[in-house]
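The figures here come from the full heavy-atom set of this structure, side chains too, leaving out hydrogens, waters and symmetry mates. Remember, it's 1-based here, ligands and their atoms both numbered in the order they're listed. Since we're looking at a predicted model, the values are computed, not measured.
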Amino acid sequence: MFDKVLIANRGEIALRVLRACRELGIATVAVHSTADETAMHVLLADESVCIGPPAAADSYLSIPAILSACEITGADAVHPGYGFLSENAQFSDILKEHNITFIGPSGDHIRTMGDKIAAKQTVEALGIPVVPGSPGAVEDPAEAIRIANEIGYPVIIKAAAGGGGRGMRVVKNSQDMAVSLQTTQTEAKAAFGDGSVYIEKFLGKPRHIEVQVLGDGQGGGVHLGERDCSLQRRHQKVWEEARSPALNDSQREKIGNTCAKAIADMNYSGAGTIEFLYENGEFYFIEMNTRLQVEHPVTEMITGIDLVQEQIRIAAGAKLGYTQDDVQFNGHAIECRINAENPRTFMPSPGLVENVHVPGGLGVRVDSGIYSGYRIPPYYDSLIGKLIVFGKSRNECLMRLRRALGEYVIEGVETTIPLFQDLLAEKDIMDGDYDIHWLEKYLGWH
Ligand code: ADP
(Lines give C-alpha, C1' and ligand atoms only; values in the text may rest on other atoms or scores of the structure.)
Protein backbone atom coordinates (compact mmCIF):
# COMPACT_ATOMS: atom_id res chain seq x y z
CA MET A 1 0.00 0.00 0.00
CA PHE A 2 1.07 3.59 -0.52
CA ASP A 3 2.61 5.66 2.28
CA LYS A 4 1.67 9.07 0.93
CA VAL A 5 -0.85 10.16 -1.69
CA LEU A 6 -0.82 13.57 -3.36
CA ILE A 7 -4.30 14.82 -4.24
CA ALA A 8 -4.13 16.73 -7.52
CA ASN A 9 -7.46 18.48 -7.19
CA ARG A 10 -9.47 20.92 -5.08
CA GLY A 11 -12.92 21.38 -3.53
CA GLU A 12 -15.22 18.62 -2.37
CA ILE A 13 -13.46 15.89 -4.35
CA ALA A 14 -10.08 16.66 -2.79
CA LEU A 15 -11.75 16.26 0.59
CA ARG A 16 -13.43 13.04 -0.52
CA VAL A 17 -10.07 11.53 -1.53
CA LEU A 18 -8.44 12.77 1.67
CA ARG A 19 -11.07 10.96 3.74
CA ALA A 20 -10.50 7.70 1.88
CA CYS A 21 -6.73 7.96 2.38
CA ARG A 22 -7.08 8.68 6.06
CA GLU A 23 -9.26 5.62 6.62
CA LEU A 24 -6.63 3.53 4.84
CA GLY A 25 -3.88 4.99 7.04
CA ILE A 26 -2.21 6.82 4.13
CA ALA A 27 -0.64 10.26 4.62
CA THR A 28 -2.01 13.03 2.37
CA VAL A 29 -0.54 15.95 0.45
CA ALA A 30 -2.84 18.73 -0.71
CA VAL A 31 -1.81 20.96 -3.58
CA HIS A 32 -3.43 24.33 -4.06
CA SER A 33 -3.35 27.55 -6.03
CA THR A 34 -2.83 30.89 -4.28
CA ALA A 35 -6.62 31.32 -4.42
CA ASP A 36 -7.18 28.15 -2.36
CA GLU A 37 -4.93 28.69 0.65
CA THR A 38 -7.89 28.53 3.02
CA ALA A 39 -9.68 25.61 1.34
CA MET A 40 -10.84 22.83 3.63
CA HIS A 41 -8.78 20.10 1.96
CA VAL A 42 -5.65 22.22 2.43
CA LEU A 43 -6.43 22.79 6.11
CA LEU A 44 -7.09 19.09 6.74
CA ALA A 45 -4.25 17.49 4.76
CA ASP A 46 -1.08 16.28 6.47
CA GLU A 47 1.01 18.49 4.18
CA SER A 48 0.23 21.09 1.56
CA VAL A 49 2.13 22.65 -1.32
CA CYS A 50 1.24 25.80 -3.23
CA ILE A 51 1.56 24.99 -6.94
CA GLY A 52 0.84 28.32 -8.61
CA PRO A 53 -1.47 31.25 -9.28
CA PRO A 54 -5.29 31.05 -9.45
CA ALA A 55 -5.58 30.21 -13.17
CA ALA A 56 -6.01 26.41 -13.37
CA ALA A 57 -3.71 26.23 -16.40
CA ASP A 58 -0.86 27.46 -14.19
CA SER A 59 -1.68 25.37 -11.11
CA TYR A 60 -4.09 22.41 -11.08
CA LEU A 61 -3.34 21.66 -14.74
CA SER A 62 0.41 22.24 -14.52
CA ILE A 63 2.13 18.86 -14.77
CA PRO A 64 5.60 20.25 -13.88
CA ALA A 65 4.22 21.98 -10.77
CA ILE A 66 2.46 18.83 -9.57
CA LEU A 67 5.49 16.67 -10.31
CA SER A 68 7.67 19.04 -8.26
CA ALA A 69 5.18 18.82 -5.38
CA CYS A 70 5.48 15.01 -5.53
CA GLU A 71 9.29 15.22 -5.45
CA ILE A 72 9.34 17.71 -2.56
CA THR A 73 6.95 15.71 -0.39
CA GLY A 74 8.00 12.20 -1.44
CA ALA A 75 4.47 11.19 -2.44
CA ASP A 76 4.37 7.73 -4.00
CA ALA A 77 0.99 8.07 -5.71
CA VAL A 78 -1.30 10.76 -7.13
CA HIS A 79 -5.09 10.76 -7.07
CA PRO A 80 -6.38 13.10 -9.79
CA GLY A 81 -10.03 13.33 -8.66
CA TYR A 82 -12.29 14.30 -11.59
CA GLY A 83 -11.78 17.05 -14.17
CA PHE A 84 -8.33 18.72 -14.33
CA LEU A 85 -5.71 16.03 -15.13
CA SER A 86 -7.88 13.00 -14.39
CA GLU A 87 -8.20 11.94 -18.03
CA ASN A 88 -4.80 13.13 -19.22
CA ALA A 89 -2.89 10.12 -20.53
CA GLN A 90 0.34 12.10 -20.76
CA PHE A 91 0.13 12.93 -17.04
CA SER A 92 -0.33 9.26 -16.20
CA ASP A 93 2.66 8.33 -18.44
CA ILE A 94 4.93 11.01 -16.94
CA LEU A 95 4.13 9.95 -13.38
CA LYS A 96 4.97 6.38 -14.32
CA GLU A 97 8.35 7.49 -15.70
CA HIS A 98 9.02 9.05 -12.31
CA ASN A 99 8.00 5.91 -10.42
CA ILE A 100 4.90 7.58 -9.03
CA THR A 101 1.62 5.68 -9.32
CA PHE A 102 -1.29 7.36 -11.06
CA ILE A 103 -4.44 6.26 -9.24
CA GLY A 104 -6.46 5.46 -12.32
CA PRO A 105 -6.37 3.26 -15.40
CA SER A 106 -3.40 2.85 -17.77
CA GLY A 107 -2.42 5.65 -20.13
CA ASP A 108 -3.49 3.42 -23.03
CA HIS A 109 -7.01 2.96 -21.70
CA ILE A 110 -7.33 6.70 -21.03
CA ARG A 111 -6.14 7.44 -24.56
CA THR A 112 -8.51 4.98 -26.23
CA MET A 113 -11.56 6.15 -24.32
CA GLY A 114 -10.59 9.81 -24.77
CA ASP A 115 -11.00 9.38 -28.51
CA LYS A 116 -14.71 8.82 -28.89
CA ILE A 117 -14.38 7.06 -32.23
CA ALA A 118 -11.79 4.61 -30.90
CA ALA A 119 -13.86 4.18 -27.73
CA LYS A 120 -16.98 3.32 -29.68
CA GLN A 121 -15.14 0.82 -31.87
CA THR A 122 -13.49 -0.79 -28.83
CA VAL A 123 -16.64 -1.27 -26.78
CA GLU A 124 -18.71 -2.36 -29.76
CA ALA A 125 -16.21 -5.17 -30.36
CA LEU A 126 -16.75 -6.20 -26.72
CA GLY A 127 -20.50 -6.57 -27.15
CA ILE A 128 -21.68 -3.21 -25.80
CA PRO A 129 -24.59 -1.69 -27.78
CA VAL A 130 -23.73 1.61 -29.52
CA VAL A 131 -25.70 4.37 -31.29
CA PRO A 132 -26.09 3.59 -35.02
CA GLY A 133 -23.81 5.85 -37.04
CA SER A 134 -20.62 6.19 -39.04
CA PRO A 135 -18.09 3.42 -38.42
CA GLY A 136 -15.31 6.00 -38.04
CA ALA A 137 -14.46 9.63 -38.75
CA VAL A 138 -16.41 11.36 -41.52
CA GLU A 139 -14.65 13.88 -43.71
CA ASP A 140 -16.72 14.95 -46.68
CA PRO A 141 -20.37 16.04 -46.95
CA ALA A 142 -21.33 13.43 -49.56
CA GLU A 143 -20.24 10.63 -47.26
CA ALA A 144 -22.03 12.31 -44.34
CA ILE A 145 -25.26 12.55 -46.33
CA ARG A 146 -25.01 8.93 -47.42
CA ILE A 147 -24.64 7.79 -43.79
CA ALA A 148 -27.44 10.08 -42.58
CA ASN A 149 -29.76 8.71 -45.26
CA GLU A 150 -28.97 5.20 -44.09
CA ILE A 151 -29.67 5.84 -40.39
CA GLY A 152 -32.36 8.50 -40.89
CA TYR A 153 -32.55 12.17 -39.81
CA PRO A 154 -32.08 13.84 -37.40
CA VAL A 155 -28.43 12.96 -36.85
CA ILE A 156 -25.81 14.44 -34.56
CA ILE A 157 -22.26 15.32 -35.61
CA LYS A 158 -19.84 14.85 -32.71
CA ALA A 159 -16.18 15.70 -32.22
CA ALA A 160 -14.00 12.62 -31.61
CA ALA A 161 -12.03 14.61 -29.02
CA GLY A 162 -15.09 16.37 -27.55
CA GLY A 163 -15.97 16.59 -23.89
CA GLY A 164 -18.07 18.48 -21.39
CA GLY A 165 -21.05 18.53 -23.72
CA ARG A 166 -19.20 20.62 -26.31
CA GLY A 167 -18.43 19.90 -29.96
CA MET A 168 -21.82 18.56 -31.07
CA ARG A 169 -24.35 19.68 -33.66
CA VAL A 170 -27.74 18.26 -34.62
CA VAL A 171 -28.57 18.08 -38.34
CA LYS A 172 -32.21 17.78 -39.41
CA ASN A 173 -31.88 17.40 -43.18
CA SER A 174 -29.36 16.92 -46.00
CA GLN A 175 -29.45 20.62 -47.01
CA ASP A 176 -27.86 21.58 -43.68
CA MET A 177 -25.24 18.85 -43.73
CA ALA A 178 -22.33 20.49 -45.57
CA VAL A 179 -22.30 23.65 -43.46
CA SER A 180 -22.88 21.81 -40.16
CA LEU A 181 -20.12 19.32 -40.92
CA GLN A 182 -17.61 22.01 -41.71
CA THR A 183 -18.54 24.15 -38.71
CA THR A 184 -18.26 21.23 -36.29
CA GLN A 185 -14.90 20.21 -37.78
CA THR A 186 -13.55 23.76 -37.49
CA GLU A 187 -14.85 24.18 -33.94
CA ALA A 188 -13.47 20.80 -32.89
CA LYS A 189 -10.05 21.66 -34.29
CA ALA A 190 -10.05 25.00 -32.45
CA ALA A 191 -11.39 23.67 -29.14
CA PHE A 192 -9.72 20.25 -28.90
CA GLY A 193 -6.84 20.42 -31.39
CA ASP A 194 -8.40 17.56 -33.38
CA GLY A 195 -10.94 18.22 -36.12
CA SER A 196 -12.15 14.60 -36.49
CA VAL A 197 -15.91 14.22 -36.25
CA TYR A 198 -18.33 11.31 -36.56
CA ILE A 199 -22.06 10.91 -37.08
CA GLU A 200 -24.70 9.27 -34.94
CA LYS A 201 -28.43 8.91 -34.99
CA PHE A 202 -29.91 11.67 -32.82
CA LEU A 203 -32.12 10.19 -30.14
CA GLY A 204 -35.13 12.39 -29.39
CA LYS A 205 -36.17 11.59 -25.81
CA PRO A 206 -33.51 9.44 -24.19
CA ARG A 207 -32.59 9.06 -20.57
CA HIS A 208 -28.94 9.20 -19.52
CA ILE A 209 -28.11 5.97 -17.74
CA GLU A 210 -24.55 5.04 -16.82
CA VAL A 211 -22.99 1.92 -15.36
CA GLN A 212 -20.27 2.07 -12.69
CA VAL A 213 -17.55 -0.50 -13.22
CA LEU A 214 -14.42 -1.62 -11.40
CA GLY A 215 -11.61 -3.68 -12.91
CA ASP A 216 -8.38 -4.84 -11.33
CA GLY A 217 -6.36 -5.27 -14.53
CA GLN A 218 -5.80 -8.87 -13.47
CA GLY A 219 -8.87 -10.44 -14.97
CA GLY A 220 -11.37 -9.16 -12.41
CA GLY A 221 -14.28 -6.94 -13.38
CA VAL A 222 -17.59 -6.10 -11.71
CA HIS A 223 -20.36 -3.58 -12.18
CA LEU A 224 -21.83 -1.61 -9.28
CA GLY A 225 -25.16 -0.97 -10.92
CA GLU A 226 -26.46 2.02 -12.80
CA ARG A 227 -27.10 5.70 -12.13
CA ASP A 228 -29.75 7.78 -13.84
CA CYS A 229 -28.40 11.24 -14.63
CA SER A 230 -31.11 12.44 -17.00
CA LEU A 231 -31.78 15.70 -15.17
CA GLN A 232 -29.30 17.98 -16.94
CA ARG A 233 -28.90 21.52 -18.15
CA ARG A 234 -26.53 22.22 -21.03
CA HIS A 235 -25.43 18.58 -20.81
CA GLN A 236 -24.36 19.18 -17.20
CA LYS A 237 -25.82 16.79 -14.67
CA VAL A 238 -27.82 18.38 -11.86
CA TRP A 239 -29.46 15.46 -10.01
CA GLU A 240 -28.41 11.82 -10.09
CA GLU A 241 -30.00 8.71 -8.71
CA ALA A 242 -29.28 5.06 -8.21
CA ARG A 243 -31.08 2.96 -9.22
CA SER A 244 -32.76 4.33 -12.33
CA PRO A 245 -36.51 4.66 -11.93
CA ALA A 246 -36.82 3.60 -15.59
CA LEU A 247 -35.31 0.11 -15.43
CA ASN A 248 -36.48 -3.24 -14.14
CA ASP A 249 -34.14 -5.77 -12.57
CA SER A 250 -33.66 -7.91 -15.65
CA GLN A 251 -32.73 -4.86 -17.79
CA ARG A 252 -30.24 -3.59 -15.22
CA GLU A 253 -28.70 -7.00 -14.73
CA LYS A 254 -28.28 -7.50 -18.46
CA ILE A 255 -26.55 -4.18 -19.17
CA GLY A 256 -24.52 -4.43 -15.96
CA ASN A 257 -23.20 -7.88 -16.80
CA THR A 258 -22.35 -6.83 -20.36
CA CYS A 259 -20.29 -3.93 -18.98
CA ALA A 260 -18.57 -6.03 -16.30
CA LYS A 261 -17.54 -8.60 -18.88
CA ALA A 262 -16.20 -5.90 -21.22
CA ILE A 263 -14.12 -4.43 -18.39
CA ALA A 264 -12.61 -7.80 -17.52
CA ASP A 265 -11.98 -8.58 -21.22
CA MET A 266 -10.15 -5.32 -21.84
CA ASN A 267 -8.11 -5.81 -18.65
CA TYR A 268 -9.22 -2.44 -17.37
CA SER A 269 -7.73 -1.34 -14.09
CA GLY A 270 -9.54 1.05 -11.75
CA ALA A 271 -12.94 2.70 -11.62
CA GLY A 272 -14.78 3.71 -14.77
CA THR A 273 -18.20 4.70 -16.00
CA ILE A 274 -19.82 3.47 -19.18
CA GLU A 275 -22.40 6.02 -20.27
CA PHE A 276 -25.50 5.22 -22.30
CA LEU A 277 -28.49 6.94 -23.73
CA TYR A 278 -31.57 4.80 -23.09
CA GLU A 279 -34.67 5.00 -25.24
CA ASN A 280 -37.57 2.60 -25.91
CA GLY A 281 -35.98 -0.17 -23.91
CA GLU A 282 -32.62 -0.02 -25.71
CA PHE A 283 -29.19 1.09 -24.49
CA TYR A 284 -26.83 3.08 -26.73
CA PHE A 285 -23.23 3.64 -25.61
CA ILE A 286 -22.07 7.27 -25.82
CA GLU A 287 -18.77 7.32 -23.95
CA MET A 288 -16.66 5.84 -21.21
CA ASN A 289 -15.15 8.00 -18.46
CA THR A 290 -11.90 6.57 -17.14
CA ARG A 291 -12.08 8.25 -13.74
CA LEU A 292 -14.18 8.82 -10.66
CA GLN A 293 -17.45 10.68 -11.37
CA VAL A 294 -18.98 13.54 -9.40
CA GLU A 295 -22.04 11.36 -8.80
CA HIS A 296 -20.16 8.30 -7.48
CA PRO A 297 -21.64 8.65 -3.94
CA VAL A 298 -25.10 7.42 -4.96
CA THR A 299 -23.49 4.14 -5.97
CA GLU A 300 -21.59 3.99 -2.69
CA MET A 301 -24.80 4.50 -0.76
CA ILE A 302 -26.61 1.55 -2.37
CA THR A 303 -23.64 -0.85 -2.47
CA GLY A 304 -21.72 0.09 0.68
CA ILE A 305 -18.53 0.05 -1.41
CA ASP A 306 -16.09 2.95 -1.01
CA LEU A 307 -15.15 3.67 -4.61
CA VAL A 308 -12.14 5.84 -3.79
CA GLN A 309 -10.68 3.22 -1.49
CA GLU A 310 -11.21 0.65 -4.24
CA GLN A 311 -9.38 2.89 -6.72
CA ILE A 312 -6.46 3.18 -4.30
CA ARG A 313 -6.35 -0.55 -3.52
CA ILE A 314 -6.42 -1.47 -7.20
CA ALA A 315 -3.72 1.08 -8.10
CA ALA A 316 -1.56 -0.44 -5.33
CA GLY A 317 -1.82 -3.80 -7.10
CA ALA A 318 -4.59 -5.53 -5.16
CA LYS A 319 -7.05 -7.85 -6.84
CA LEU A 320 -10.75 -7.07 -6.53
CA GLY A 321 -11.12 -9.99 -4.16
CA TYR A 322 -14.86 -10.36 -4.78
CA THR A 323 -17.16 -11.36 -7.61
CA GLN A 324 -20.36 -9.94 -9.00
CA ASP A 325 -22.43 -12.11 -6.66
CA ASP A 326 -20.76 -10.47 -3.66
CA VAL A 327 -22.00 -7.02 -4.72
CA GLN A 328 -25.32 -6.37 -2.99
CA PHE A 329 -27.69 -3.56 -3.86
CA ASN A 330 -29.88 -1.96 -1.23
CA GLY A 331 -32.37 0.89 -1.31
CA HIS A 332 -32.24 4.11 -3.28
CA ALA A 333 -29.98 7.17 -3.28
CA ILE A 334 -30.26 10.64 -4.82
CA GLU A 335 -27.57 13.31 -5.17
CA CYS A 336 -28.23 17.02 -5.67
CA ARG A 337 -25.35 19.13 -6.90
CA ILE A 338 -25.19 22.26 -4.79
CA ASN A 339 -23.66 25.00 -6.91
CA ALA A 340 -22.91 28.60 -5.94
CA GLU A 341 -25.20 29.87 -8.68
CA ASN A 342 -28.49 31.60 -9.13
CA PRO A 343 -31.04 28.73 -9.04
CA ARG A 344 -32.83 29.91 -12.21
CA THR A 345 -30.25 31.66 -14.41
CA PHE A 346 -27.29 29.58 -13.16
CA MET A 347 -25.13 32.69 -13.08
CA PRO A 348 -22.14 31.95 -10.80
CA SER A 349 -22.32 33.48 -7.34
CA PRO A 350 -18.86 33.33 -5.76
CA GLY A 351 -17.95 35.26 -2.61
CA LEU A 352 -18.04 35.10 1.16
CA VAL A 353 -20.01 32.27 2.78
CA GLU A 354 -21.40 34.02 5.81
CA ASN A 355 -23.05 31.05 7.44
CA VAL A 356 -23.46 27.32 6.78
CA HIS A 357 -25.72 24.80 8.46
CA VAL A 358 -25.41 21.29 7.06
CA PRO A 359 -28.30 18.80 7.30
CA GLY A 360 -27.80 15.50 9.10
CA GLY A 361 -29.69 12.53 10.42
CA LEU A 362 -30.15 8.97 9.18
CA GLY A 363 -29.37 8.49 5.49
CA VAL A 364 -28.04 12.00 4.87
CA ARG A 365 -24.52 12.63 3.54
CA VAL A 366 -22.98 15.97 2.62
CA ASP A 367 -19.71 16.08 0.65
CA SER A 368 -18.66 19.72 0.76
CA GLY A 369 -15.58 21.76 1.51
CA ILE A 370 -17.22 25.06 2.43
CA TYR A 371 -17.52 26.50 5.94
CA SER A 372 -18.73 29.73 7.58
CA GLY A 373 -16.24 32.48 6.73
CA TYR A 374 -14.91 30.68 3.62
CA ARG A 375 -14.63 32.79 0.50
CA ILE A 376 -15.59 30.91 -2.71
CA PRO A 377 -13.04 31.95 -5.36
CA PRO A 378 -14.40 32.99 -8.76
CA TYR A 379 -11.89 31.01 -10.79
CA TYR A 380 -13.26 27.47 -10.71
CA ASP A 381 -16.32 25.32 -11.19
CA SER A 382 -19.22 26.50 -9.06
CA LEU A 383 -19.90 23.11 -7.42
CA ILE A 384 -19.58 23.72 -3.67
CA GLY A 385 -21.12 20.58 -2.31
CA LYS A 386 -23.24 17.52 -2.86
CA LEU A 387 -26.21 16.47 -0.81
CA ILE A 388 -26.69 12.72 -1.00
CA VAL A 389 -29.61 10.98 0.65
CA PHE A 390 -30.40 7.32 1.05
CA GLY A 391 -33.74 5.63 1.65
CA LYS A 392 -35.03 2.06 1.70
CA SER A 393 -37.28 2.99 -1.21
CA ARG A 394 -37.28 5.82 -3.75
CA ASN A 395 -40.25 7.30 -1.96
CA GLU A 396 -38.50 7.34 1.40
CA CYS A 397 -35.47 8.85 -0.30
CA LEU A 398 -37.55 11.68 -1.81
CA MET A 399 -39.18 12.48 1.53
CA ARG A 400 -35.80 12.53 3.24
CA LEU A 401 -34.35 14.72 0.50
CA ARG A 402 -37.13 17.24 1.03
CA ARG A 403 -36.46 17.22 4.77
CA ALA A 404 -32.67 17.59 4.31
CA LEU A 405 -32.97 20.43 1.78
CA GLY A 406 -35.17 22.25 4.28
CA GLU A 407 -32.40 22.08 6.88
CA TYR A 408 -29.60 23.12 4.55
CA VAL A 409 -28.61 26.77 5.09
CA ILE A 410 -25.92 28.53 3.07
CA GLU A 411 -25.89 32.31 3.52
CA GLY A 412 -23.90 34.95 1.66
CA VAL A 413 -23.98 33.38 -1.81
CA GLU A 414 -26.80 32.12 -4.01
CA THR A 415 -27.11 28.35 -4.36
CA THR A 416 -29.13 25.81 -6.32
CA ILE A 417 -30.87 24.53 -3.15
CA PRO A 418 -34.18 26.32 -4.00
CA LEU A 419 -34.20 24.68 -7.45
CA PHE A 420 -34.20 21.22 -5.86
CA GLN A 421 -36.97 22.22 -3.47
CA ASP A 422 -39.03 23.33 -6.46
CA LEU A 423 -38.27 20.11 -8.33
CA LEU A 424 -39.66 18.06 -5.44
CA ALA A 425 -43.03 19.72 -6.03
CA GLU A 426 -43.15 18.32 -9.57
CA LYS A 427 -45.18 15.20 -10.26
CA ASP A 428 -42.81 13.97 -13.00
CA ILE A 429 -39.89 14.10 -10.58
CA MET A 430 -41.83 12.30 -7.87
CA ASP A 431 -42.86 9.68 -10.46
CA GLY A 432 -39.30 9.40 -11.86
CA ASP A 433 -40.73 10.24 -15.26
CA TYR A 434 -38.19 12.46 -17.03
CA ASP A 435 -35.77 12.40 -19.97
CA ILE A 436 -32.62 14.43 -20.70
CA HIS A 437 -34.67 17.42 -21.94
CA TRP A 438 -37.09 17.57 -19.02
CA LEU A 439 -35.15 20.07 -16.90
CA GLU A 440 -34.52 22.57 -19.69
CA LYS A 441 -38.21 22.45 -20.64
CA TYR A 442 -39.14 22.98 -16.99
CA LEU A 443 -36.80 25.97 -16.85
CA GLY A 444 -38.59 27.40 -19.88
CA TRP A 445 -35.61 27.14 -22.18
CA HIS A 446 -37.54 25.39 -24.94
P1 ADP B 1 -19.44 14.73 -23.60
O2 ADP B 1 -18.18 13.93 -23.57
O3 ADP B 1 -19.22 16.08 -24.18
O4 ADP B 1 -20.17 14.72 -22.30
P5 ADP B 1 -21.34 12.74 -24.67
O6 ADP B 1 -21.08 11.90 -25.86
O7 ADP B 1 -21.28 12.08 -23.34
O8 ADP B 1 -20.36 14.03 -24.70
O9 ADP B 1 -22.75 13.44 -24.84
C10 ADP B 1 -23.19 14.43 -23.95
C11 ADP B 1 -24.68 14.64 -24.10
O12 ADP B 1 -25.02 15.01 -25.45
C13 ADP B 1 -25.53 13.43 -23.81
O14 ADP B 1 -25.75 13.26 -22.42
C15 ADP B 1 -26.79 13.78 -24.57
O16 ADP B 1 -27.52 14.75 -23.84
C17 ADP B 1 -26.26 14.43 -25.83
N18 ADP B 1 -26.06 13.44 -26.91
C19 ADP B 1 -24.89 12.85 -27.24
N20 ADP B 1 -25.07 11.96 -28.26
C21 ADP B 1 -26.39 12.00 -28.56
C22 ADP B 1 -27.24 11.30 -29.51
N23 ADP B 1 -26.74 10.38 -30.36
N24 ADP B 1 -28.55 11.59 -29.52
C25 ADP B 1 -29.08 12.51 -28.67
N26 ADP B 1 -28.36 13.19 -27.76
C27 ADP B 1 -27.03 12.94 -27.70
- Run down the list Glu287, Glu279, Arg207, Met288 and name the one with the heavy atom closest to atom 2 (O) of ligand 1.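 Closest candidate by heavy-atom distance is Glu287.
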- Task: Measure from atom 22 (C) of ligand 1 to every heavy atom in Val155, Ile199, Val131, Leu277 and give the option owning the shortest one.
- Result: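 Answer by nearest heavy atom: Leu277.
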For [atom], the protein heavy atom that lies nearest, with its residue and separation:
| atom | value |
| --- | --- |
| atom 5 (P) of ligand 1 | Lys116 NZ, 3.6 Å |
| atom 23 (N) of ligand 1 | Lys201 O, 2.9 Å |
| atom 3 (O) of ligand 1 | Gly165 N, 2.5 Å |
| atom 17 (C) of ligand 1 | His235 CE1, 3.7 Å |
| atom 13 (C) of ligand 1 | Ile286 CD1, 3.9 Å |

Taking atom types as modelled, is there a side-chain donor on [X] or [Y] under 3.5 Å from an acceptor on the other?
| X | Y | answer |
| --- | --- | --- |
| Ser393 | Asn395 | no |
| Thr299 | Arg227 | yes |
| Tyr82 | Glu87 | no |
| Asn289 | Glu275 | yes |
| His296 | Gln212 | no |

- Query: Short question: side chain of Arg400, backbone of Val364 - any donor-acceptor pair under 3.5 Å?
  - Reply: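 Checked: no pair found.
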Need the ligand 1 atom indices (1-based, order shown) with element for anything under 4.0 Å from a heavy-atom of [X].
| X | result |
| --- | --- |
| Lys158 | 6 (O), 19 (C), 20 (N) |
| His208 | 14 (O) |
| Glu275 | 7 (O) |
| Arg166 | 3 (O) |
| Ile436 | 15 (C), 16 (O) |

- Query: At a non-hydrogen distance cut-off of under 4.0 Å, which region of Met168 contacts ligand 1 (side chain, backbone, both, or neither)?
  - Reply: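 Looking at Met168 and ligand 1, just side chain atoms fall under 4.0 Å.
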- Task: Record the part of Gln232 in heavy-atom contact with ligand 1 below 4.0 Å; permitted values are side chain, backbone, both and neither.
- Result: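 The answer is the side chain of Gln232.
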- Message: Side chain or backbone, does Leu203 bring an N or O within less than 3.5 Å of an N or O on ligand 1?
- Response: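 There is such a contact, yes.
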- Task: Determine the sole option in Arg252, Arg243, Lys237 for which the salt bridge (charged side-chain N to carboxylate O under 4.0 Å, His left out) test with Glu210 is passed.
- Result: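 With Glu210 as partner, salt bridge (charged side-chain N to carboxylate O under 4.0 Å, His left out) holds for just one option, Lys237.
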- Query: What do the steps show when you test Tyr442 against Tyr434 for ring-ring contact (aromatic ring centres under 6.0 Å, His included), and what is the final call?
  - Reply: CA-CA 11 Å; Tyr442 168 78; Tyr434 51 80; over 10 Å; no
- Item | Minimum heavy-atom distance between Gly331 and Ile302, given as atom pair plus value |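 Smallest interatomic distance, heavy atoms only, reads O-CG2, 3.7 Å.
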- Message: His332 and side-chain hydrogen bond (donor to acceptor under 3.5 Å, both in side chains): which single residue from Lys392, Glu396, Glu241 fits?
- Response: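 By the side-chain hydrogen bond (donor to acceptor under 3.5 Å, both in side chains) criterion, His332 pairs with just one of Lys392, Glu396, Glu241: Glu241.
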